[in-house]
Number of protein chains: 2
Amino acid sequence: MSGSKILEPAGAERSQDAGVALWRQVADQLAQAIARGTFETGARLPAEKEIAALYRVNRHTVRRALAALSERGLVRAARGSGTYVEAPRLAYPIGTRTRFSENVGASGRQAGGRLIASAEEPVPPEIAQRLALPRKSLAVRLELMRHADRVPVCVATTWLPAGRFPDAAEIYAAQRSTTRMLAHYGISDYRRVSTRVTAALADIADAARLDLRPGSPILLVDSVDAAVDGTPLLATRSRFAAERIELVFES
Amino acid sequence: MSGSKILEPAGAERSQDAGVALWRQVADQLAQAIARGTFETGARLPAEKEIAALYRVNRHTVRRALAALSERGLVRAARGSGTYVEAPRLAYPIGTRTRFSENVGASGRQAGGRLIASAEEPVPPEIAQRLALPRKSLAVRLELMRHADRVPVCVATTWLPAGRFPDAAEIYAAQRSTTRMLAHYGISDYRRVSTRVTAALADIADAARLDLRPGSPILLVDSVDAAVDGTPLLATRSRFAAERIELVFES
DNA sequence: TTTTATTTGTCCGTATGTATA
DNA sequence: GTATACATACGGACAAATAAA
């Protein structure tokens with residue numbers, strides 16, 4: 001193929017971008033090509049030396065560009081195989097009204113929640129504090145697995161006061177949605193009051209459940225939802241597959 | 001030492017927690033001990049076999065508990081040496097008024113910004129879109145390094161319209177703060193309009209600048225700030241050291 | 001510098017209770 | 001009811017990295 005037209009390589013363009021690092025120009029061009037759909041999700045990019053020939057740059061310059069795209073999660077390099085276009089991250093809006101099913105559904109995807117385990121046990125201290133519960137009280141703990149279009153998106157651990165939601169596990173298992181579970185208890189509306197985000201590396205258990213390679217980055221999200229009157233309802237610790245999700249906070 | 005008192009091991013407690021997985025009980029106890037300050041930041045926990053003896057459980061059970069704490073970033077295991085308490089993450093509030101200097105200063109730490117590179121160049125397409133700039137216009141790109149108490153917190157790439165902020169680099173270098181830089185242009189107030197968060201692994205360059213081990217998780221934050229009238233002012237792509245930072249969104 | 005002890009990481013195995021098919 | 005799979009808990013052995021003698 002005459003890649004010239006597909007990738008719109010340097011030539012005339014480059015003189016215009018005088019002063020911009022070469023690797024950055026290459027990265028921008030490749031990112032545009034991916035954004036335009038020239039390379040679809042899962043497609044293999046041309047080999048590094050081919051890209052280098054196309055842009056008349058050294059292969060190391062291409063590698064620097066690909067590294068930048070890789071850090072942004074646009075591509076993934078597989079040694080001995082090639083460099084592949086990653087699926088675009090699913091935008092996951094977070095605000096006062098954060099609901100998994102609605103968020104995923106809004107992107108035209110099929111949301112799926114599944115209860116993988118549950119238990120009734122004393123609340124861990126941090127959770128008790130966040131739910132404003134007495135120290136020794138009981139909580140229902142739900143281990144949830146969430147999908148979008150059959151692709152695992154996150155695993156989550158949710159705690160609810162056992163007194164108010166005694167059989168939350170059964171209800172969730174039947175309803176397969178937090179919103180519908182709460183509706184079953186007469187709670188027609190609730191809102192996100194606190195969201196804390198950091199990142200870590202997936203442990204083997206989460207990696208397996210999220211279908212990730214061990215050591216993949218995950219987004220750790222600690223959140224609290226409350227009734228409209230401010231009463232804390234549930235605390236959740238979610239682990240999102242970072243390579244598939246982008247949290248969006250609109251102010 | 002008679003660790004019994006320090007760690008408050010099983011015994012009577014455990015019968016109460018009937019039905020809760022043993023490793024989870026151990027993890028909760030250790031987390032509490034850390035929260036209480038029994039083990040300070042940087043302190044070495046007792047060896048796995050000591051903890052196992054203390055709680056009368058198998059070493060594997062202790063390892064399962066430590067793995068859970070490790071995923072939450074509370075501890076870090078070093079083979080041949082021991083398991084150490086990690087520093088608590090610096091809470092970094094994000095909202096309509098997000099300012100690095102204020103955020104860091106609010107925690108009683110000394111905020112530091114440093115310009116490590118700058119350039120005037122055509123805006124990359126995604127940035128042009130986010131700043132509502134014409135396709136071929138020029139932008140000032142600032143590469144920033146941000147510290148809290150001399151500890152590197154994040155590296156950031158900021159784009160500003162070159163027309164409105166022609167010598168932004170010089171101003172920032174002198175003011176060492178985005179807020180003061182904008183004030184220099186007569187902008188007394190601005191607000192965060194969009195924040196997108198995901199995670200990735202640090203590349204070698206960022207790892208070196210953030211003083212992280214290569215492969216450490218980083219938080220990727222894409223943000224846009226605008227004037228009070230809604231005019232986009234700057235777009236930023238920040239890379240936070242995830243092990244030192246927790247983004248806090250209050251609704 | 002070499003040796004030795006300590007500590008975490010990984011692997012083998014066994015057994016039990018609990019869901020699920 | 002039976003068989004299967006899974007999570008949990010325990011026991012042992014050795015490798016690999018570290019730290020101290």
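Numbered from 1 within each chain, the chains take letters A, B, ... in sequence-line order.
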Whole Å only: how far is the [atom1] atom of [X] from the [atom2] atom of [N]?
{"X": "B:L22", "N": "D:dG11", "atom1": "CG", "atom2": "P", "value": "12 Å"}
{"X": "B:E48", "N": "D:dC10", "atom1": "CD", "atom2": "P", "value": "14 Å"}
{"X": "B:R63", "N": "D:dT8", "atom1": "CZ", "atom2": "P", "value": "16 Å"}
{"X": "B:R76", "N": "C:dT7", "atom1": "CZ", "atom2": "P", "value": "17 Å"}
{"X": "B:R64", "N": "D:dA7", "atom1": "CZ", "atom2": "P", "value": "10 Å"}
{"X": "A:D203", "N": "C:dG9", "atom1": "CG", "atom2": "P", "value": "13 Å"}
{"X": "A:E170", "N": "C:dA19", "atom1": "CD", "atom2": "P", "value": "11 Å"}

### Task
Name the orientation class of the two ring planes belonging to A:Y185 and A:F165 (parallel below 30°, tilted from 30 to 60°, perpendicular beyond 60°).
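If you compare the ring of A:Y185 with that of A:F165, the planes turn out perpendicular.
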### Query
Are B:T158 and B:T236 linked by a side-chain donor-acceptor pair shorter than 3.5 Å?
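Indeed, the side chains of B:T158 and B:T236 share at least one donor-acceptor pair under 3.5 Å.
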### Query
Rounded to the nearest 0.5 Å, what separation is found between the NE2 atom of A:H147 and the CG atom of A:L210?
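Output value for this atom pair is 9.0 Å.
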### Query
Got a second to check how far A:F39's CZ is from A:R44's CZ, nearest 0.5 Å?
10.5 Å
### Summary
Whether each nucleotide of nucleotides 12-21 of chain D has a protein heavy atom under 4.0 Å at its base (B), only at its sugar-phosphate (S) or at neither (-) is summarised, 5' to 3', as BB--BBB---
### Message
Just so I know, are the side chains of B:L212 and B:R244 near enough to count as touching, which here means a heavy-atom distance under 4.5 Å?
### Response
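The answer is yes, as the side chains (C-beta and beyond) meet within the 4.5 Å cut-off.
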### Task
Examine distances only and state if a side-chain atom of B:R89 and a backbone atom of B:A242 form a donor-acceptor pair shorter than 3.5 Å.
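Yes, B:R89 side chain to B:A242 backbone: donor-acceptor pair under 3.5 Å.
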#### Entry: Criterion salt bridge (Lys or Arg N to Asp or Glu O under 4.0 Å) against B:R76, the qualifying member of B:E243, B:E86, B:E71
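Among B:E243, B:E86, B:E71, the one that satisfies the salt bridge (Lys or Arg N to Asp or Glu O under 4.0 Å) with B:R76 is B:E86.
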### Query
Is B:R44 touching bases, backbone alone, or none of the nucleic acid, heavy atoms closer than 4.0 Å?
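If one applies the 4.0 Å heavy-atom cut-off, B:R44 turns out to touch the sugar-phosphate alone, with no base involved.
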### Task
Please tell me which of the listed nucleotides, D:dA9, D:dC10, C:dT7, lies nearest to the side chain of B:E50?
C:dT7
### Query
Mind checking who D:dG1 pairs with, Watson-Crick or G-U wobble, both distances under 3.5 Å?
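Check on D:dG1: unpaired, no WC or wobble geometry under 3.5 Å.
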### Query
Hey, is the side chain of B:T61 poking within less than 4.0 Å of OP1 or OP2 on D:dC10, counting only N and O atoms?
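B:T61 to D:dC10 OP1/OP2: side-chain N or O found under 4.0 Å.
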